[in-house]
Number of protein chains: 2
Amino acid sequence: MERQRKKSRNTKQRAVILDILKKGGYHPTAEAIYQEARKVIPNISLGTVYRNLNFLREQGLAREIRSDSDSSSRFEGKCPPHAHFHCTKCNAILDLPFPQCLEEIPWKGETHISSVNSLDLHVIGACSHCGPAAS
Amino acid sequence: MERQRKKSRNTKQRAVILDILKKGGYHPTAEAIYQEARKVIPNISLGTVYRNLNFLREQGLAREIRSDSDSSSRFEGKCPPHAHFHCTKCNAILDLPFPQCLEEIPWKGETHISSVNSLDLHVIGACSHCGPAAS
DNA sequence: GTAATTGCAAAAGATTTGCCCCATT
DNA sequence: AATGGGGCAAATCTTTTGCAATTAC
């Protein structure tokens with residue numbers, strides 16, 4: 001409710017990055033966003049991409065996703081809650097519906113928890129494209 | 001089922017690191033493990049800590065935990081499935097029971113998933129020590 | 001004795017930051 | 001004009017790696 005608390009400007013760079021993030025089902029790394037943005041603003045810098053991603057994250061307009069298998073963060077635009085599937089073979093990340101059963105789980109039973117902001121569910125496995133089993 | 005597939009030696013370093021990981025409810029970073037290990041083996045090197053953590057992870061004796069909010073990985077010893085609570089204020093990580101409802105969720109409905117290896121559930125919020133709300 | 005493992009230090013990869021200039025407001 | 005934001009490059013942080021020496025087996 002206090003989004004946009006600090007003065008900000010509508011720069012072309014920020015708009016382009018936000019645009020890229022809005023493409024659904026897409027989970028680009030900062031580097032990928034940089035490459036994509038360069039198609040529109042050829043001399044945009046990687047530092048600007050990172051600064052904007054951080055800014056947008058703080059404003060609640062972007063989300064950072066870290067998987068156990070990937071060394072760099074991935075990002076996605078603001079969107080309704082969902083889980084993420086990670087393919088351990090091709091490293092793809094797919095959106096999954098968020099299981100309703102989690103919506104109501106009473107963490108209240110946990111005396112060490114004061115409040116819950118969000119849930120983060122990652123499903124690790126192999127995607128249908130990479131096929132099953134065999135390490 | 002093919003754990004311990006390669007020859008390995010029982011070095012003091014490895015034993016100490018494994019010992020540290022065995023302390024339950026503790027989710028140290030590599031650096032923290034390094035500091036802790038130094039109390040026992042003062043000249044152990046950080047590289048060795050990382051090498052052993054990777055080795056133990058491959059053997060299934062350690063697990064790496066990456067949260068969307070923390071820049072460095074945390075580690076824990078082998079233990080039954082559970083979720084993790086992250087306090088956004090003090091950065092603490094606590095173990096939570098794993099919701100049973102997730103055990104049976106049919107991801108089969110998802111045509112893009114071939115097989116599921118594991119689930120990773122992170123609950124983000126404030127711990128009782130840090131108290132509720134107010135950013 | 002042999003090869004896995006270590007310590008050390010350099011390297012690599014990802015992200016952040018300082019500085020000065022430019023552009024939005 | 002004021003100042004937030006950008007470009008560039010250097011700096012920082014985390015993790016990995018090459019190598020010679022060491023040690024478990």
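For the side-chain contact (heavy atoms from CB on, under 4.5 Å) test, residues two or more places apart in sequence or in another chain that qualify with B:V116 are A:V123, B:W107, B:I113, B:L119. Shown here are the side-chain contact (heavy atoms from CB on, under 4.5 Å) partners of B:K23, two or more places apart in sequence or in another chain: B:Y26, B:E36. Residues passing the salt bridge (Lys or Arg N to Asp or Glu O under 4.0 Å) test with A:D70 are A:R74, sequence neighbours excluded. Taking A:A15 as the reference, nothing meets the side-chain contact (heavy atoms from CB on, under 4.5 Å) condition, with sequence neighbours excluded.
In this structure, B:F75 is not a member of the same hydrophobic cluster as B:I65, with clusters built from ILVMFWY side-chain heavy atoms closer than 4.5 Å. Using a 4.5 Å cut-off between side-chain heavy atoms of Ile, Leu, Val, Met, Phe, Trp and Tyr, with links allowed through other members, B:I33 and B:I93 fall into different hydrophobic clusters.
Taking atom CD1 of residue B:I17 and atom C1' of nucleotide C:dG7, one finds them 13 Å apart after rounding to whole Å. A straight line from NZ of A:K7 to C1' of D:dA2 spans 9 Å, rounded to a whole angstrom. One interatomic measurement links the two molecules: CG of A:N43 to C1' of C:dA23, which rounds to 13 Å at whole-angstrom precision. Taking atom CZ of B:F55 as the reference point, atom P of C:dT5 lies 6 Å away to the nearest angstrom. Regarding A:I41, its CD1 atom lies at a distance of 14 Å from the C1' atom of C:dC22, rounded to whole Å. A straight line from CZ of A:R66 to C1' of D:dT14 spans 10 Å, rounded to a whole angstrom. Here D:dT16 presents its P atom at 9 Å from CG of B:L53, a figure rounded to the nearest Å. In this structure, CG of A:D70 is placed 13 Å from P of D:dT16, rounded to the nearest angstrom.
Each salt bridge (charged side-chain N to carboxylate O under 4.0 Å, His left out) pair with one or both residues in residues 90-100 of chain A, not counting sequence neighbours, would appear here, but there are none. Pairs engaging residues 114-129 of chain A under the salt bridge (charged side-chain N to carboxylate O under 4.0 Å, His left out) rule: A:R63-A:D120 [sequence neighbours left out]. Sorted by first then second residue, the ring-ring contact (aromatic ring centres under 6.0 Å, His included) pairs that include residues 76-100 of chain A, not counting sequence neighbours, are A:H27-A:H84, A:H82-A:H84, A:H86-A:H122.
Put simply, the side chain of A:P97 reaches to within 4.5 Å of the side chain of B:E110, judged on heavy atoms. Proximity of B:P99 to A:L102: side-chain heavy atoms (C-beta onward) are separated by under 4.5 Å at one or more points. The side-chain heavy atoms of A:C127 and B:H112, taken from C-beta on, include no pair separated by under 4.5 Å.
Listed pair B:N54 / D:dT16 meets the phosphate criterion, a side-chain N or O lying under 4.0 Å from OP1 or OP2. Distances shorter than 4.0 Å separate some side-chain N or O of A:N52 from OP1 or OP2 on D:dG6. Distances shown here put a side-chain N or O of A:Q13 below 4.0 Å from the OP1 or OP2 atom of D:dG7.
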Sequence neighbours left out, cut at 3.5 Å: what donor-acceptor pairs do the side chains of residues 46-54 of chain B make with other protein atoms?
from, atom 1, to, atom 2, distance (Å)
B:T48, OG1, B:S45, OG, 3.2
B:N52, OD1, B:R14, NE, 2.6
B:N52, OD1, B:R14, NH2, 3.3
B:N52, ND2, B:T48, O, 3.1
B:N54, OD1, B:R57, NH2, 2.5

Every protein N/O lying under 3.5 Å from an N/O of nucleotides 11-14 of chain C:
none

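Helix bend of the helix from C:dG1-D:dC25 to C:dT25-D:dA1: the angle between its two end axes, each built from five pairs, comes to 30° after rounding to 10°.
One finds the SG atom of B:C79 at 11.5 Å from the CG atom of B:L61 (value rounded to the nearest 0.5 Å).
Of the residues in residues 28-40 of chain A, none has a non-hydrogen atom less than 4.0 angstrom from any atom of DNA chain D.
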Check: What one-letter contact string describes nucleotides 19-25 of chain D from 5' to 3', where B marks a base within less than 4.0 Å of any protein heavy atom, S marks contact via sugar-phosphate atoms alone, and - marks no contact?
Finding: ----BBS

